[in-house]
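Beneath this line is the structure, given in structure tokens, with notes to follow.
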Amino acid sequence: MKDYKEVKVLLIEGRARQVLPMAKSLRSLGCEVTTYNGSKLDPGYASKYPHRKLLAYCNVHDPNGFYAAIRAELESYHYDLVIPMNDDVAIILSQHKEDLKDLATIAAEDWETFQMASDKLKTMLVCMQHDIPCPLSFTDKKDYMLNRDKVKFPIVVKPRTGCAAVGFHVSDNESDLLEYYDKAEQKYGKMLIQEYIPQDGLQYKCEIFIDRDGEMKGACVFAKVRWYPIDGGSSTLNETVDRPDIIEDCYKLLREIGWHGYADIDLIEDTRDGKAKIMEINPRITGSVKICFEAGVNFSQLIVDDFLGKELIPQFNVQHKYLRYMHTDVLWFLKSPNRFKCKPSWFSFKNTTDQIFSWSDLWVFFAFTFQGFAKIRKDKQKRAVK
């Protein structure tokens, strides 16, 4: 059996902020860590923790070219384990997992299972079939029209695949719903029509690792205390919480679809019945995974130990921690009418770690900030449906 020092890990791609805790943890285990980056401003390139930093072709709009570049790297240097850091890379690696098996172990699910997890409608259908709490969902516009008496407005329309609330829209009437649905379908692809869950309940994320035998070996639940955009977006402040009921429901869902490895599941508390309802599965490592490491759940070790065939030590003892994403939390503060009333206070840094800033890895903060200005402009363009 290999030792950690003999394991060479490639993290793709370095622009994802989750690369930071992953690279740091893998290096502390003793693994050789390489990051695959598209820019010297990527966190994975700016960080001091990778042993090797690649500047390579990264273009999600050219998946074939992107895959060719990844394959070329795997052919030119020996890696034991390849871990995707975002959705686009996870899709590419899952699609080509069989083709790459002789070059490296790919830490992504097989394509059939991956598709089941990444499609929000398929996830909802599994939940509804197995009595797992979730919003009432419709397969398409026709299904909604046939069953529209079962749900009241407002109603949500969103892409069946994707992340970061891109394409998410709340309709207050049927005319708006149908008009948005047709336009959004042209821009984002297949859409999901879904019961609207009131936004006065907490949003949660559940991080789970399931080993090669189908047993859950690690889990961490945290609440999205603040998020941006304020009408529905990615978290700016997270807090670990003790919710065994959420872990149980999420594990049940993953078992039903035959999932192995790491998964991130989004939920929202429905204040009408008090249940935390599953919204979607993100079949890759979440951008907020740093809170899990800070709270005592080392997902990188679970991934490597599972690869090595070791007996995995269960990791369920989660400490109380906050994780802040200061770059977007500033935007939340500027936009939110509750900026001075929120709990915990926006000005409190007690028991809090930032997603990007670290005194021991300082250059990352400045590089990420420079890169972020351009990303904000692009995100605004993506969210606009004309």
Side-chain angles (χ1 to χ4, degrees), residues 12 18 22 81-98 100-101 105-135 137 160-163 192 204-222 243-267 276-289 292 297-316 318:
I12 311 177
Q18 49 267 54
M22 290 294 293
L81 186 61
V82 181
I83 307 176
M85 293 289 101
N86 58 31
D87 289 279
D88 300 308
V89 177
I91 290 170
I92 291 171
L93 291 179
S94 177
Q95 286 176 326
H96 297 281
K97 184 177 179 179
E98 186 67 20
L100 297 172
K101 66 179 182 180
T105 295
I106 306 299
E109 254 294 5
D110 296 341
W111 182 235
E112 183 178 353
T113 307
F114 187 98
Q115 286 180 293
M116 174 69 75
S118 60
D119 189 319
K120 297 178 180 66
L121 175 59
K122 292 179 180 179
T123 298
M124 294 300 99
L125 292 177
V126 171
C127 287
M128 290 188 289
Q129 290 167 3
H130 296 280
D131 198 28
I132 301 171
C134 73
S137 305
R160 283 174 54 175
T161 59
C163 64
L192 170 65
Y204 297 97
K205 275 185 171 289
C206 181
E207 314 307 305
I208 289 182
F209 186 84
I210 298 177
D211 70 8
R212 57 192 175 276
D213 298 320
E215 296 295 324
M216 179 173 58
K217 294 297 184 178
C220 179
V221 180
F222 53 92
R243 290 296 300 265
D245 58 319
I246 289 179
I247 294 174
E248 181 181 352
D249 287 337
C250 292
Y251 183 35
K252 181 179 179 181
L253 169 61
L254 294 175
R255 283 203 315 269
E256 293 296 340
I257 66 173
W259 185 265
H260 296 89
Y262 178 102
D264 162 52
I265 301 174
D266 287 342
L267 309 93
K277 297 187 175 178
I278 291 173
M279 305 301 292
E280 64 185 57
I281 302 172
N282 299 302
R284 44 82 183 144
I285 295 169
T286 184
S288 302
V289 72
C292 304
V297 182
N298 189 331
F299 282 110
S300 64
Q301 183 173 9
L302 291 172
I303 293 170
V304 175
D305 284 351
D306 199 48
F307 159 73
L308 291 173
K310 291 186 176 184
E311 181 179 351
L312 276 65
I313 300 174
Q315 300 189 35
F316 300 108
V318 178

At what distance, to the nearest 0.5 angstrom, does [atom1] of [X] lie from [atom2] of [Y]?
X: Cys220; Y: Phe316; atom1: SG; atom2: CZ; result: 11.5 Å
X: Leu125; Y: His130; atom1: CG; atom2: NE2; result: 10.5 Å
X: Met124; Y: Gln129; atom1: CE; atom2: CD; result: 11.5 Å
X: Ile106; Y: Gln95; atom1: CD1; atom2: CD; result: 13.0 Å
X: Lys205; Y: Asp266; atom1: NZ; atom2: CG; result: 3.5 Å
X: Thr105; Y: Phe307; atom1: OG1; atom2: CZ; result: 4.5 Å

At their closest point, which heavy atom of [X] faces which heavy atom of [Y], and how far apart are they?
X: Ile285; Y: Pro84; result: CD1-O, 4.4 Å
X: Tyr251; Y: Met216; result: OH-N, 3.4 Å
X: Trp259; Y: Ala117; result: CZ3-CB, 3.7 Å
X: Glu109; Y: Gly258; result: OE2-O, 3.5 Å
X: Ile208; Y: Ile210; result: CG2-CG1, 3.8 Å
X: Val221; Y: Cys206; result: CG2-SG, 3.9 Å

State which residues pass side chain to side chain contact (heavy atoms under 4.5 Å, CB included) with [X]; sequence neighbours excluded, sorted by chain then number.
X: Leu302; answer: Phe209, Lys217, Phe299, Leu312, Gln315
X: Lys277; answer: Pro133, Pro135, Ile197, Asp270, Asp273, Lys275
X: Asp88; answer: Arg15, Val60, Asn86
X: Met116; answer: Lys122, Val126, Ile257

| message | Between Met22 and Ile83, is the side-chain contact (heavy atoms from CB on, under 4.5 Å) condition met? List the steps. | response | CA-CA 10 Å; Met22 290 294 293; Ile83 307 176; 4.1 Å; yes
Just so I know, are the side chains of [X] and [Y] near enough to count as touching, which here means a heavy-atom distance under 4.5 Å?
X: Thr123; Y: Glu280; answer: no
X: Leu254; Y: Ile281; answer: yes
X: Cys250; Y: Leu267; answer: yes

message: Show every salt bridge (charged side-chain N to carboxylate O under 4.0 Å, His left out) that has at least one partner inside residues 250-262, sequence neighbours left out.
response: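 The answer is none; no pair qualifies.
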* Has Asp213 got more than 12 heavy atoms of other residues, nucleotides or ligands less than 6.0 Å from its CG? ->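 Count over threshold, so yes.
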Notebook entry, point to check: Who passes ring pair (Phe, Tyr, Trp, His ring centres under 6.0 Å) against His96, sequence neighbours left out?
Noted result: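 Expected list: Tyr67.
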Q. Is the side chain of Ser94 donor-acceptor paired with the backbone N or O of Ala90 at a distance under 3.5 Å, no angle test?
A.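 Checked: no pair found.
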Got a donor-acceptor contact below 3.5 angstrom from the Asp87 side chain to the Asn282 backbone?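 Answer holds: no.
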Fill in: Trace of the side-chain contact (heavy atoms from CB on, under 4.5 Å) decision for Lys97 with Trp111
CA-CA 8 Å; Lys97 184 177 179 179; Trp111 182 235; over 6 Å; no
